[in-house]
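Since the model is a prediction, treat every value here as computed from it, not as a measurement. The sequence lines fix the lettering, A, B, ..., with proteins before strands; numbering per chain opens at 1.
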Amino acid sequence: MLAFSFNHSHHLRSHLLFTASITTNSTQFHRFLANGSPLNLYTIPTILASCGAQRNLSLGLQLHALAIHTGLDSNSFILSSLITMYSKCSHFSAAYHILNSTNPNDSISWNALIVSSSRSGLHSDALHLFVKMHHRALPLDEFTFPSALNSAAHLSLVLTGQTIHSLLLRSGFQRHAHIGNALVDMYAKSGELHSARNVFDEMPHRDVVAWTSLLTSSARHVSHSASLDLFLEMLSSSVNLDAFVIAAVLSSSAELTVLELGRQLHATSVKRGFHSFLSLGNALLTMYAKTGCIDDAELIFDLIPYPDAITWTALIIGLAQNGRGHDSVHVYDKMIRTGSKPDYITFIGLLFACSHAGLVEPGRSYFESMEPVHGIEPGPEHYACMIDLLARSGKIEEAVRLMNRMRFEPDATVWKALLSGCRVHLNSGFALQVAERAAEILFKIAPNDAVPYVLLSNIYSKIRRWGDVAKIRALMKARGVSKEPGCSWMEVGGVVHVFHVEDHVHPRTAEIYAKVDEMMGRIRETGYVAETGNVLQDVGEEGEMGLAYHSEKLAVAFGLVVLPRGALIRVFKNLRVCGDCHTALKLVTKVYGRKVVLRDANVFHHMENGVCSCGDYW
DNA sequence: CTAGGGTTAG
């Protein structure tokens with residue numbers, strides 16, 4: 001098969017690629033050798049490159065041996081290929097050994113090691129090599145700088161990044177596209193968005209990569225809406241979209257629950273043929289799950305041919321948030337059956353699912369399997385889920401025992417889980433005692449977090465200890481702790497309508513309030529009585545009027561006013577829905593024959609005909 | 001033979 005002659009280097013290259021692709025399979029490699037096919041300056045580097053790409057270290061080692069045997073191992077072309085192969089296979093000691101024993105004075109070998117170190121997360125090694133190159137006066141080029149900048153960014157070494165920047169200004173490379181992009185990304189990842197923007201504005205060509213760096217860092221360091229503003233700016237500057245940037249924007253759309261934009265991005269991806277890009281599929285799945293369209297999320301999942309851990313995890317979490325914790329567990333079992341490896345976050349989702357579906361026994365056994373079976377040490381989030389699961393199902397002693405078993409100090413997340421879990425079963429005095437103790441600790445370690453005050457105050461009001469309720473409220477006031485104001489919003493025709501408790505700013509306020517009154521009147525006829533137990537759920541956001549005009553009720557009433565008859569009403573709230581609104585809105589779905597999807601800070605409530613997907617357990 | 005951006009978080 002090798003008895004062809006090649007006239008063009010292009011043919012030679014495709015032949016070499018073909019050779020490499022068949023020979024990285026060991027058996028075929030041996031057949032290749034048995035055929036008397038040549039191992040030379042052209043074939044060895046090409047096969048080595050494939051070994052690196054496929055992380056086939058054993059074949060790489062054989063080739064190294066053959067190179068030594070044929071005396072080709074002193075050739076600089078071969079040496080740099082070997083260093084690349086070892087680096088990509090994470091066999092760094094071998095790569096360093098070759099580098100140190102042959103002392104190549106070309107940049108390629110050094111670059112290969114810097115790039116691989118940076119990609120493998122060995123950032124300080126990458127920077128060390130960079131400094132060494134600089135000291136030896138080796139040429140630093142358009143391959144060296146991006147990786148060094150990348151490692152500086154990952155270590156949050158802004159000063160180092162700035163030093164590299166100043167070296168760059170003298171190198172003549174600063175106008176190079178990859179280098180400009182790496183600089184923008186370094187400043188952006190370090191949270192120095194103004195510096196990032198300055199570099200960006202001075203670039204000769206601002207391509208989609210630079211925009212993506214700005215977008216994702218804005219989402220992380222500023223806000224998701226700042227990120228979407230940048231996206232609009234990008235669209236108006238006619239830059240070509242690609243799958244990376246769409247995945248990033250989808251993630252902000254998901255957080256902001258702007259379903260219309262998400263759908264448009266989905267359509268664009270299909271038109272542009274990006275649908276086979278895994279990260280984009282993962283982002284789409286998450287976007288649909290987070291906007292309450294769990295059926296669409298499942299459709300996306302079914303179209304992904306090779307799901308990775310992120311895909312499985314996104315589906316597990318999405319199902320759990322949408323009240324389908326049993327399905328999360330089935331998906332997890334399928335994930336294991338099909339050979340995917342769960343990670344730290346998978347278990348957060350799985351245990352969250354168990355806790356919301358009340359699956360005590362499966363939850364316990366999944367938790368116990370984490371370390372022995374999957375080699376993942378449970379972290380505070382996992383303990384928090386388990387404590388929540390146990391406390392909510394009334395096993396408060398067991399929750400406390402589990403907490404005492406932790407190898408590290410429980411953090412605020414864990415104490416909050418215990419406190420909120422206790423509010424479900426207050427009939428035993430023990431639950432109250434544990435809740436008070438947890439709150440006391442939280443008031444010390446997180447004195448400015450409003451959530452523990454509100455949780456404890458709700459517990460007191462549930463057992464009608466009004467004096468204690470007043471004490472907590474006074475304590476909050478004295479400490480200047482205020483809760484994030486509650487608000488609900490709804491998207492209609494691409495416009496987001498926001499409601500706060502008892503606010504009168506919406507242009508259709510009169511109709512909305514009339515509709516709330518009508519709603520409350522009609523559900524009262526079916527026997528609804530306001531629950532006063534959660535009067536203080538929204539401490540700080542509401543007046544003395546109490547429960548009637550909470551933001552979620554206003555939003556649902558608005559939906560009844562403006563949406564066509566029978567249309568699903570999709571509402572989002574930034575805080576947890578209060579118990580009274582939950583009861584009232586369930587009845588509204590029954591009386592009006594409408595479906596309501598209400599997403600609160602924790603989960604989705606798919607309400608229909610008086611029943612909620614959360615099983616009144618959220 | 002070496003290069004920049006992305007997706008999951010009770």
Asker: Where along residues 412-424 of chain A does a heavy atom come under 4.0 Å from DNA chain B, residue by residue in number order?
Answerer: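 Going residue by residue through residues 412-424 of chain A, none turns out to have a heavy atom under 4.0 Å of DNA chain B.
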Asker: Side chain of Ser81(A) only, please: which of dA3(B), dT7(B), dC1(B) is the nearest?
Answerer: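 Of the candidates, dC1(B) comes closest.
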Asker: Select one nucleotide: of dG5(B), dC1(B), dT7(B), the one nearest the side-chain heavy atoms of Ala247(A).
Answerer: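 It is dT7(B).
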Asker: Looking at Glu484(A) and Lys573(A), is any side-chain nitrogen of the basic one under 4.0 Å from a carboxylate oxygen of the acidic one?
Answerer: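 No salt bridge links Lys573(A) with Glu484(A).
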Asker: Check this one for me: any side-chain N or O of Asn150(A) less than 4.0 Å away from OP1 or OP2 of dG5(B)?
Answerer: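 Checking dG5(B) against Asn150(A), a side-chain N or O does come within under 4.0 Å of OP1 or OP2.
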Asker: Which nucleotide in the list dG5(B), dT8(B), dT2(B) gets nearest to the side chain of Ile317(A)?
Answerer: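 Side chain of Ile317(A) sits closest to dT8(B).
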Asker: Distance check needed: dT7(B) P versus Tyr306(A) OH, whole Å only.
Answerer: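 After rounding, the gap between these two atoms is 24 Å.
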Asker: Is any side-chain heavy atom of Phe347(A) closer than 4.5 Å to one of Ile376(A)?
Answerer: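 Sidechains of Phe347(A) and Ile376(A): in contact.
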Asker: So does Arg119(A) get a side-chain nitrogen or oxygen closer than 4.0 Å to the phosphate oxygens (OP1/OP2) of dT2(B)?
Answerer: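 Checking Arg119(A) against dT2(B): no side-chain N or O falls below 4.0 Å of OP1 or OP2.
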Asker: If you look at every strand shown and take non-hydrogen atoms under 4.0 Å, does His356(A) touch a base, only sugar-phosphate, or nothing?
Answerer: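 No contact at all - His356(A) keeps every heavy atom at 4.0 Å or more from the nucleic acid.
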Asker: Picking from dA9(B), dT7(B), dT2(B), which would you name as closest to the side chain of Ile310(A)?
Answerer: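 Output: dT7(B).
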Asker: Quickly work out the Phe77(A) CZ to dT2(B) C1' distance and round it to whole Å.
Answerer: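 Going from CZ in Phe77(A) over to C1' in dT2(B) covers 12 Å.
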Asker: Testing the 3.5 Å rule here: is there a donor-acceptor pair between the side chains of His605(A) and Asp600(A)?
Answerer: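 A donor-acceptor contact under 3.5 Å links the two side chains.
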Asker: What residues form a ring pair (Phe, Tyr, Trp, His ring centres under 6.0 Å) with Trp312(A), not counting sequence neighbours?
Answerer: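 By the ring pair (Phe, Tyr, Trp, His ring centres under 6.0 Å) rule, Trp312(A) matches Phe301(A).
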Asker: What is the separation between atom CZ on Phe200(A) and atom P on dG5(B), rounded to the nearest whole Å?
Answerer: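 Answer to the nearest Å: 15 Å.
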Asker: Quick one: is dT2(B) close enough that its OP1 or OP2 comes under 4.0 Å of any side-chain N or O from Lys88(A)?
Answerer: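 Yes, because at least one side-chain N or O of Lys88(A) sits under 4.0 Å from OP1 or OP2 of dT2(B).
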Asker: In whole Å, I'd like the distance from the CZ atom of Phe231(A) to the P atom of dG5(B).
Answerer: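 Rounded to whole Å, this separation is 20 Å.
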Asker: Which nucleotide wins on minimum distance to the side chain of Thr216(A), given the candidates dG5(B), dA9(B), dA3(B)?
Answerer: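 Closest nucleotide to the Thr216(A) side chain: dG5(B).
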Asker: When all nucleic acid strands are considered with a 4.0 Å heavy-atom cut-off, which category describes Phe145(A): base, sugar-phosphate, or nothing?
Answerer: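 Answer is nothing: Phe145(A) stays at 4.0 Å or more from every strand.
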Asker: Could you tell me whether Asp185(A) contacts a base, only the sugar-phosphate backbone, or nothing, with contacts defined as non-hydrogen atoms closer than 4.0 Å?
Answerer: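 Result for Asp185(A) = sugar-phosphate.
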Asker: Given atom OH of Tyr86(A) and atom C1' of dC1(B), what is their separation to the nearest angstrom?
Answerer: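 Going from OH in Tyr86(A) over to C1' in dC1(B) covers 15 Å.
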Asker: Got Phe200(A) and Tyr187(A) here, is their nearest side-chain heavy-atom distance under 4.5 Å?
Answerer: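 Not in contact.
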Asker: Who are the salt bridge (charged side-chain N to carboxylate O under 4.0 Å, His left out) partners of Glu202(A), not counting sequence neighbours?
Answerer: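 Glu202(A) satisfies salt bridge (charged side-chain N to carboxylate O under 4.0 Å, His left out) with no other residue.
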Asker: Closest to the Val209(A) side chain: dT8(B), dG5(B), dA9(B)?
Answerer: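 My answer, after comparing the listed nucleotides, is dG5(B).
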Asker: Does the base of dC1(B) carry an N or O that pairs as donor and acceptor with the side chain of Ser80(A) under 3.5 Å?
Answerer: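 Such a pair is found, so the answer is yes.
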Asker: Taking only side-chain nitrogens and oxygens of Lys341(A), does any of them come within less than 4.0 Å of OP1 or OP2 of dT8(B)?
Answerer: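 No, because none of the side-chain N or O atoms of Lys341(A) sits under 4.0 Å from OP1 or OP2 of dT8(B).
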Asker: Taking the side chain of Asp343(A) as heavy atoms from C-beta outward, which of dG5(B), dT8(B), dT2(B) is closest to it?
Answerer: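 Of the candidates, dT8(B) comes closest.
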Asker: Does a side-chain N-to-carboxylate-O contact under 4.0 Å join Asp449(A) and Lys416(A)?
Answerer: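 A salt bridge is present here (some side-chain N lies under 4.0 Å from a carboxylate O).
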Asker: So if I take every side-chain heavy atom of Phe244(A) and compare against dG5(B), dA3(B), dC1(B), which nucleotide ends up nearest?
Answerer: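 Closest nucleotide to the Phe244(A) side chain: dG5(B).
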Asker: Between dG5(B) atom P and Leu280(A) atom CG, what is the distance in whole Å?
Answerer: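 In whole Å, dG5(B) P lies 18 Å from Leu280(A) CG.
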Asker: In whole angstroms, how far is the C1' atom of dC1(B) from the CD1 atom of Ile114(A)?
Answerer: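 From Ile114(A) CD1 to dC1(B) C1': 15 Å.
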Asker: Val115(A) side chain: which of dA9(B), dG5(B), dA3(B) is closest?
Answerer: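 Nearest listed nucleotide: dA3(B).
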Asker: Kindly say whether, by distance alone, the side chain of Asp242(A) makes a donor-acceptor pair under 3.5 Å with the base of dG5(B)?
Answerer: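 For Asp242(A), whose side chain was compared with the base of dG5(B), there is a donor-acceptor pair (under 3.5 Å).
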Asker: Would Asp343(A) and Thr346(A) count as having a side-chain donor-acceptor pair, cut-off 3.5 Å?
Answerer: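 On atom types as modelled, these side chains qualify, holding a pair under 3.5 Å.
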Asker: Contact class for Val208(A) (heavy atom, under 4.0 Å): base, sugar-phosphate, or nothing?
Answerer: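 Base contact.
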Asker: Could you work out which one of dT8(B), dC1(B), dG5(B) sits closest to the side chain of Ser251(A)?
Answerer: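 Comparing dT8(B), dC1(B), dG5(B) against the side chain of Ser251(A), the answer is dT8(B).
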Asker: dG5(B) C1' sits how many Å from Ile179(A) CD1, rounded?
Answerer: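 Rounded to the whole Å, the gap is 16 Å.
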Asker: Taking the six-membered ring for Trp, is the centroid-to-centroid distance between Phe143(A) and His178(A) below 6.0 Å?
Answerer: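 Ring centres of His178(A) and Phe143(A) not closer than 6.0 Å.
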